[in-house]
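Data first, discussion second: the structure below is written as structure tokens.
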Amino acid sequence: MEPIAKRLVVDEQNRPVAVQLDLATYERIEAVLEDYALYQLMQEPDDEEPLSLEAARAYYDALPKGE
């Protein structure tokens, strides 16, 4: 695992109050979190029956359409 380059932001009493990350590091962290969340979602059991073609078309037709 790569070390994370960070800068601490401190208050007037020199207490850490925030962390700054460069944009590339933030984007890598964001991608890892999204991948992990997607993996977790895919691992959940799916007890629902798939829609039939007709039901799927009716569902799609009922969705709001963008202009």
Side-chain angles (χ1 to χ4, degrees):
M1 184 171 158
E2 294 181 39
I4 297 176
K6 60 185 177 241
R7 281 176 265 161
L8 294 178
V9 178
V10 295
D11 65 9
E12 294 83 17
Q13 286 77 37
N14 210 30
R15 295 180 297 209
V17 295
V19 176
Q20 285 184 335
L21 304 172
D22 61 81
L23 187 56
T25 300
Y26 171 78
E27 289 172 344
R28 283 196 319 265
I29 292 170
E30 188 176 43
V32 167
L33 290 172
E34 288 175 353
D35 290 346
Y36 178 76
L38 179 59
Y39 174 78
Q40 292 299 316
L41 183 62
M42 291 169 60
Q43 296 306 310
E44 291 180 4
D46 186 12
D47 297 337
E48 294 182 17
E49 290 292 320
L51 295 174
S52 67
L53 179 59
E54 295 79 22
R57 283 185 175 152
Y59 176 78
Y60 178 77
D61 288 340
L63 291 174
K65 305 295 186 260
E67 293 185 52

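Computed from heavy atoms alone, side chains included, the values below leave out hydrogens, waters and symmetry copies.
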Could you give the distance from NZ (Lys6) to OG1 (Thr25), rounded to the nearest 0.5 Å? 11.0 Å
Does atom CD of Glu48 have more than 12 heavy-atom neighbours, drawn from other residues, nucleotides or ligands, at distances under 6.0 Å? no
NZ or CZ of Lys65 within 45° of Tyr60 ring axis and under 6.0 Å: yes
Residues, nucleotides or ligands: over 12 heavy atoms within 6.0 Å of Arg57 CZ: no
Taking atom CD as the centre, does Gln43 end up with more than 12 heavy-atom neighbours from other residues, nucleotides or ligands that are less than 6.0 angstrom away? yes
I want to check something: taking the side chain as every heavy atom from C-beta on, are Gln40 and Glu44 in contact at a cut-off of under 4.5 Å? no
Would Val19 and Leu8 count as a side-chain contact (heavy atoms from CB on, under 4.5 Å) here? Give the steps. CA-CA 5 Å; Val19 176; Leu8 294 178; 3.8 Å; yes
Value for CZ (Arg28) from CG (Leu23), rounded to nearest 0.5 Å, stands at 10.5 Å
In terms of hydrophobic clusters joined by side-chain contacts under 4.5 Å, are Val17 and Leu21 together? no
